[in-house]
Amino acid sequence: MNLVLYNTFTRKKEEFKPIRKDHVGLYTCGLTVYNYAHIGNLRTYIFEDVLKRVLIYDGYKVNHVMNITDIGHLTSDADTGEDKMVKEAKKEGKTVWEIADHYTKAFENDLEQLNIIPPDHHVKATAHIQQMIGLIKRLEKKGFTYVADGNVYFDISKFPEYGKLGRINVESLRAGARIEVDSAKKNPFDFVLWFTKSKFDDQEMKWDSPWGRGYPGWHVECSAISMYYLGETFDIHCGGIDHIPVHHTNEIAQSEAATGKKWVNYWLHAEFLIMNEEKMSKSKGGFLTLSKLVEMGYSPMVYRYFCLGAHYRQPLTFSDEAIETAKSAYNRLINIIIDIKKNRTVNKPNPEFVNKMKKLFSKKINNDLNMPEALAVIWQVLRTNEIGNLEKYDLILEFDRIFGLNLIKAEQVLEEEAQQNVDVQLVEQLIKEREDARKSKNWAKSDEIRDKLSDMGVEVRDSSEGTFWRMKS
RNA sequence: GGCGACAUAGCCAAGUGGUAAGGCAGGGGUCUGCAAAAUCCUUAUCCCCGGUUCGAAUCCGGGUGUCGCCUCCA
């Protein structure tokens, strides 16, 4: 099955062809660790995880690199800006290093909870300063830079291809005139590669460089890190859609100017999570984190299921009602799967149907990661009479390699949860008492026990094979 | 001012030329002592107007509306 991906660079779906047979170099922009990731950020990482899982499913060996932006960057590009890390550090009374460390750990915990496969290299920008300096030196040597006001700038006028990814018309800015321009820049689109003149006296993160003691500009880290781990040309680069016009545009400029080669073959961008008709944003405060969502009663897997319900290139609307429906659907999915596991009926084998479903599934996921349709396939499998539970189980297991919803482990998770939250022995005893009461048709007592269990958070499920119970979701 | 995206049932959403996936919620049935769970059935002609076509939610033009980016941002 050929994998087709939508490439932002060409604005078309293209068949994916790796540089090296059976191998994929994948770079995904990480988080700036001055605060917790909100669920909008997390949507992008879920998309990237799905991409990676599809590549692995298709037999590729994936080398995945993600950066950690642990260097402070300006809250605005103008002189008045404040360093985000410094700002947060002051607020919390910690050093910037402590801040970065804290939020990096929190982020990695979020990824783990969302069942996101860890990158092969999840690396800090601050650990790659030398690579960045090396890149800037290359650019300097080739004449792509200039120094003004103590800072090293990239000169976009030397790079005619500038803005191709975002289809930016460099001339059009003049008409706009809405942006305050850094007066040191020759061109408004020029960007800083290295700062030596920090506007802030308390800038703690500084390194020596040929241009003086200072720190790197934001964009240079992704270029330096990706090339260091993946080579000067690699397969796929992902990020949020907001990165197209500035961050990725600048990354391309500096990377390709330095090497003289094409840098990335496929650009994939995730759309935003929309909240109350508006994107969720850090700067506006009051954003939802994963742990907040958990407090509200929605597990990380429910959120993952929610995200899978929409295509990654479409805005997804978040609301209480929307996440609630995802919760119901996910819980029902788990219930059905638990029943399938308990009751391994064997129909006459129907390999034809099984193969048909596998093919259909593969077609959906390889068509630019169409998860909504892939989910439709699993629902179809669960509902069918064409195959028995044994075959269903195998299909679920296979499909979950892509979904990453812990479908098979869910039962185990529920059991663990039960052990944490109730006295299992007591529950078992009550269940038995209720069974006895029911046998003697003592409905009053039976219902009383059921109510009691319900108060304990336990849900009783009678079936022809006996009575089961689980924690209420 | 420039650039871009989107508009499908109560809600979340697929589908991008051949007569509307899936999920949730709602309604009805089966099962059950009653419930719950499960299960079956059931609910739209795709923002408006015009055009192209044998045929359009899907292509083109116009309109209306919503949103994003252009400044740190997934």
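In the text below, chain A, chain B and the rest are named by the order of the sequence lines, each starting its count at 1. Excluded from the calculations below are hydrogen atoms, water molecules and symmetry mates; all remaining heavy atoms, backbone and side chain alike, are included. For clarity, every value in this text was computed on a predicted model and none was experimentally measured.
- For A:Ser446 and B:G33, a side-chain-to-base donor-acceptor distance below 3.5 Å is present, hydrogens and geometry of angles not being considered.
- Contacts of A:Arg450 with the nucleic acid, taken as non-hydrogen atoms under 4.0 Å apart, include base atoms.
- Nucleotide B:U30: paired with B:A38 (Watson-Crick or G-U wobble, both distances less than 3.5 Å).
- Using atom C1' as the reference point in both B:A25 and B:G10, the two lie 7 Å apart (nearest Å).
- In this structure, the ring of A:Tyr298 has its center no less than 6.0 angstrom from the ring center of A:Phe306.
- The side chain of A:Ala376 lies closest to B:A21, out of B:A21, B:G33, B:A74.
- A:Phe361 and A:Phe403 have their aromatic ring centers within a separation under 6.0 angstrom.
- No contact: A:Ser454 has no heavy atom under 4.0 Å from any strand.
- With ring centers used as reference points, A:His102 lies under 6.0 Å from A:Tyr36.
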task: Given side chain to side chain donor-acceptor pair (under 3.5 Å), test A:His219 with A:Gln254 step by step and report yes or no.
output: CA-CA 9 Å; A:His219 313 296; A:Gln254 70 201 174; over 6 Å; no
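- Residue-level contact check: A:Trp443 touches the bases, meaning some heavy atom is under 4.0 Å from a base atom.
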Protein and nucleotides 9-16 of chain B: nitrogen or oxygen contacts under 3.5 angstrom:
from: B:C11; atom 1: O4'; to: A:Glu321; atom 2: OE2; distance (Å): 3.4
from: B:C12; atom 1: O3'; to: A:Thr317; atom 2: O; distance (Å): 3.4
from: B:A13; atom 1: OP1; to: A:Thr317; atom 2: N; distance (Å): 2.2
from: B:A13; atom 1: OP1; to: A:Thr317; atom 2: OG1; distance (Å): 2.9
from: B:A13; atom 1: O2'; to: A:Gly309; atom 2: O; distance (Å): 2.9
from: B:A14; atom 1: OP1; to: A:His311; atom 2: N; distance (Å): 2.6
from: B:A14; atom 1: O3'; to: A:Asn370; atom 2: ND2; distance (Å): 3.3
from: B:A14; atom 1: O2'; to: A:Glu373; atom 2: OE2; distance (Å): 2.6
from: B:G15; atom 1: OP1; to: A:Asn370; atom 2: ND2; distance (Å): 3.0

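- Within 4.0 Å of A:Tyr45, counting heavy atoms only, lie sugar-phosphate atoms of the nucleic acid but no base atom.
- For B:C67, the paired base is B:G4 (Watson-Crick or G-U wobble, both distances below 3.5 Å).
- Taking the six-membered ring for Trp, A:Tyr153 and A:Trp194 have ring centres at least 6.0 Å apart.
- Using a 3.5 Å distance cut-off with no hydrogens or angles, the side chains of A:Tyr162 and A:Asn250 do pair a donor with an acceptor.
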Table of protein N/O atoms under 3.5 Å from nucleotides 36-38 of chain B N/O atoms:
from: B:A36; atom 1: N1; to: A:Asp462; atom 2: O; distance (Å): 2.8
from: B:A37; atom 1: O2'; to: A:Arg461; atom 2: NE; distance (Å): 3.1
from: B:A37; atom 1: O2'; to: A:Arg461; atom 2: NH2; distance (Å): 2.5

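- Taking every side-chain heavy atom of A:Arg434 into account, B:A35 is the closest of B:A74, B:A35, B:C24.
- Counting only N and O atoms by type, the side chains of A:Tyr27 and A:Asn67 include a donor and acceptor under 3.5 Å apart.
- Sorted by first and then second residue, the salt bridge (charged side-chain N to carboxylate O under 4.0 Å, His left out) pairs with a member in residues 309-329 of chain A read A:Arg313-A:Asp368; sequence neighbours excluded.
- Nucleic acid contact for A:His243: sugar-phosphate only, since backbone atoms but no base atoms lie under 4.0 Å from a heavy atom of the residue.
- Of the options A:Lys52, A:Arg53, A:Glu48, A:Arg304, a side-chain contact (heavy atoms from CB on, under 4.5 Å) to A:Ile116 is made by A:Arg304 and by none of the others.
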